[in-house]
4 protein chains.
Amino acid sequence: MPAANSQPPRVRSGNQRDEAARLAVLHAADDLLVEHGFARLTIEAIARRAGVAKQTIYRWWPSKVEILLDTLIEDSEKRFPVPVEKSTEDSIRGYFRGFARFVTRDPAGKVLLALIAEAQHNPETARSLHSRYLDPRRELERDLLTRGIEAGEVSPRLDLDATIDAVVGPVVYRALTGASVPRGLVDALFDELLKPGA
Amino acid sequence: MPAANSQPPRVRSGNQRDEAARLAVLHAADDLLVEHGFARLTIEAIARRAGVAKQTIYRWWPSKVEILLDTLIEDSEKRFPVPVEKSTEDSIRGYFRGFARFVTRDPAGKVLLALIAEAQHNPETARSLHSRYLDPRRELERDLLTRGIEAGEVSPRLDLDATIDAVVGPVVYRALTGASVPRGLVDALFDELLKPGA
Amino acid sequence: MPAANSQPPRVRSGNQRDEAARLAVLHAADDLLVEHGFARLTIEAIARRAGVAKQTIYRWWPSKVEILLDTLIEDSEKRFPVPVEKSTEDSIRGYFRGFARFVTRDPAGKVLLALIAEAQHNPETARSLHSRYLDPRRELERDLLTRGIEAGEVSPRLDLDATIDAVVGPVVYRALTGASVPRGLVDALFDELLKPGA
Amino acid sequence: MPAANSQPPRVRSGNQRDEAARLAVLHAADDLLVEHGFARLTIEAIARRAGVAKQTIYRWWPSKVEILLDTLIEDSEKRFPVPVEKSTEDSIRGYFRGFARFVTRDPAGKVLLALIAEAQHNPETARSLHSRYLDPRRELERDLLTRGIEAGEVSPRLDLDATIDAVVGPVVYRALTGASVPRGLVDALFDELLKPGA
DNA sequence: GTTTAAGCGAGACGGTACGTCAAGTCTTAAA
DNA sequence: TTTAAGACTTGACGTACCGTCTCGCTTAAAC
């Protein structure tokens, strides 16, 4: 989807929040991150690209991190939702594969990595990232595993959180440091830590 | 060791690189990172704190990342060197525990986390971090495991790199996102992935 | 008028150019030139003294030379305007005397001398000085003499420009080199080069 | 004469002042002034160009102004010495023409203009310029005119200094501001102010 | 002869100012 | 009331020179 930049000016809505402006900001942020990296993702640049005044951004988002979180939440839900009904071995394995694909090959995955990185630099980011993204998803992931265990589809060797971290952590770690993430890594970890009857 | 700031002026070494200035910069960078975080770790602040001219920093380091790498390399070697002789189960387990301790409780460990985070934002950082720190250590870690396997002290379920990432990744992932790292996490992962005869 | 420094903060004008900031810069530049000379007239110092951000200066003036030109144009018009109606011998002689007084005794005259000096070092300055100050005034000065000739009040021995330079040049030359400018110099030159019937 | 740069290293003279280094500095300063203007005439650049250590410059010259004065004194004596024997109308007129030619067409004349300009910015420069260059030459110029008067070759309308300034000033003024200096200007001034029997 | 002393190229050092960029705050005017 | 526009202060960026300093070398004069 193209940026809203250099297009016929949007119709202004006057009194109401301008949905077009909101979307233009989200897309601009997304595009800039993918195209130029986090370092050049500045509020000025987003405003320029989105054809929006800086003040409009500051009015609605407390920081660029929250902009990214908004896009991340929407994109994650589209690209690899946590299965809420089926809990077969395959659907669980598929979910983790989906996560790895998102993080390593989907441009939108860059947003998650950038936010994790930023969380280290900035406690405020860590808090937002947890409360708005990581924690709610972790809740659903725990439910997924719990249902899988009850159905005998998986049998985790460690406690639930440790198990999820043990699969997710190595993928994120390699992605963050710019190392490749081997195709079979997730499967190997799954087999070792979750596969039933092993 | 305190910063060199507000102390009697160093003796100048004339034509040669000033070792005291080098150390003052490394310590200032370290201190600032721990005290104020990566965001406020600016070249100006380092120079101010170290009592050193900005130009002196630019003369010897191409970026603040390289300053941090210098301190990280020195500190890691002191705090949790990769064992190069013994390769017992305990020394290997101890090494991973040392890593977790460094990353979660040692102030110097903040430097590693900051660099991993920065590597995501900046490919140049990723390259330096690998070539000067991660890769050389990984080499030693592989040697450590190889010797351990030959001696029957450990028996990895996955290939060497995947095994190391499987232990290190979750720790780093949790540390980065500001989550606590449970005491037993490393041991649990070790038991599951490396413990012999399991 | 004192510099705006260490005063209650100006009221900000928002979207419009801040006139108070503009004046503060002009006065600061003027004061610094008179007090500390051209060498210490830096953009940083002007900003500091005016209580204004450097960026505000760079936004409105391409160089410190243009700042000085702004003050010079305003001051010259106040202190020794070119007579535009009367063209008697006395008013013409008075104009040249006014010029000499401005250059040698008026603090604001330092600005003109500094700009002439800078014009030698910097062709860009020469261009601005001519187009914004010297040339427009020279036009008026020629008109003044032309009217004086027609009225029989003066009778130049040389062509118009040469005559004006012959009066102005020696004064500037002596002022620039730090020599005193004798009281009678202008009158002597006027008598020799312009006085009618000689 | 080429700069000493990028040449086989000079033979060092050991204990004695190195004449080659002295000349290299003078030529480098001269060349840089002509080629790049006063603004880029820095001590670093002179040292670089002359193939000389900064310290060598600081050892022998208190400032770059003194370097320029050294070259100016040598060049002036070569290019337009004050006549010390003949004092005919033609030799006096020729001297002033020589001055105008030096200042407007000789590259070495740039040095004089630069120093006059700098004198305005810097009282120290004004002092040196007077005591080492302007005043000694003025002495000789006065002698020249005095002899010319006694011989009936010239008859100044003003006092000696005013007369000299009245010829020199306009030329310098126009040269400084970047205006052209018309061929006949000096002659016209001479005729008006010095020509006998007028 | 050997020592001493100075000149030299080289270059590190603490500084100051440069001109640019983005941050986040604020005000106006139009919709 | 929301928006685009844009002026404002703040502060860091990386660079260029400043003037001081110390090093290691070379040479001429003093001993």
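Only this structure's heavy atoms are used, side chains among them; waters, hydrogens and symmetry mates stay out. Throughout, protein chains are lettered first and strands after them, A, B, ... in sequence-line order, and every chain is numbered starting at 1.
B/K54 meets the salt bridge (Lys or Arg N to Asp or Glu O under 4.0 Å) test with B/E44; sequence neighbours excluded. Under the side-chain hydrogen bond (donor to acceptor under 3.5 Å, both in side chains) criterion, D/E124 pairs with D/R127, not counting sequence neighbours. Partners of C/S128 according to the side-chain hydrogen bond (donor to acceptor under 3.5 Å, both in side chains) rule, which considers only residues two or more places apart in sequence or in another chain, are C/E66. Judged as a side-chain hydrogen bond (donor to acceptor under 3.5 Å, both in side chains), and not counting sequence neighbours, D/N122 has no contacts. The side-chain hydrogen bond (donor to acceptor under 3.5 Å, both in side chains) test applied to B/T56 returns no partner, not counting sequence neighbours.
Contact check on D/R132 versus D/D70 returns a salt bridge, with a Lys/Arg side-chain nitrogen under 4.0 Å from an Asp/Glu carboxylate oxygen.
In this structure, the CD1 atom of C/I46 is 11 Å from the P atom of E/dG19, given to the nearest Å. Taking atom CG of C/D18 as the reference point, atom C1' of F/dC8 lies 8 Å away to the nearest angstrom. Straight-line distance from the CD atom of B/E19 to the C1' atom of E/dC13: 15 Å, rounded to whole Å. One atom, CD1 of C/I57, and another, P of E/dT20, lie 13 Å apart when rounded to the nearest Å. Residue C/R40 contributes atom CZ, which lies 9 Å from atom P of E/dA17 at whole-angstrom precision.
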Tabulate atom names and distances for all N/O pairs under 3.5 angstrom spanning the protein and nucleotides 11-13 of chain F.
{"from": "F/dC13", "atom 1": "OP1", "to": "B/I43", "atom 2": "N", "distance (Å)": "2.8"}
{"from": "F/dC13", "atom 1": "OP2", "to": "B/I43", "atom 2": "N", "distance (Å)": "3.1"}
{"from": "F/dC13", "atom 1": "OP2", "to": "B/E44", "atom 2": "N", "distance (Å)": "2.8"}

Anything under 3.5 Å between a protein N or O and an N or O of nucleotides 29-31 of chain F, put it in a table, one pair a line.
none

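Contact between the side-chain N/O atoms of D/T56 and the OP1/OP2 oxygens of E/dG7 is not found at any separation under 4.0 Å. B/W60 has a side-chain polar atom (N or O) that falls below the 4.0 Å cut-off from OP1 or OP2 of E/dC13. Taking 4.0 angstrom as the limit, A/R59 places none of its side-chain polar atoms (N or O) nearer than this to OP1 or OP2 of F/dT2.
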Less than 3.5 Å apart, which donor and acceptor atoms pair up between the side chains of residues 32-42 of chain C and the rest of the protein, not counting sequence neighbours?
{"from": "C/E35", "atom 1": "OE1", "to": "C/R49", "atom 2": "NH1", "distance (Å)": "3.2"}
{"from": "C/E35", "atom 1": "OE2", "to": "C/R49", "atom 2": "NH2", "distance (Å)": "2.8"}
{"from": "C/T42", "atom 1": "OG1", "to": "C/A45", "atom 2": "N", "distance (Å)": "3.0"}

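When the nearest nucleotides of DNA chain F are assigned to B/P62 and C/R22 by heavy-atom distance, the more 5′-ward of the two goes with C/R22.
Going from atom CG of B/L26 over to atom CG of B/L68 covers 9.0 Å, rounded to the nearest 0.5 Å.
With a 4.5 Å cut-off on side-chain heavy atoms, B/L69 and B/W61 do not count as touching.
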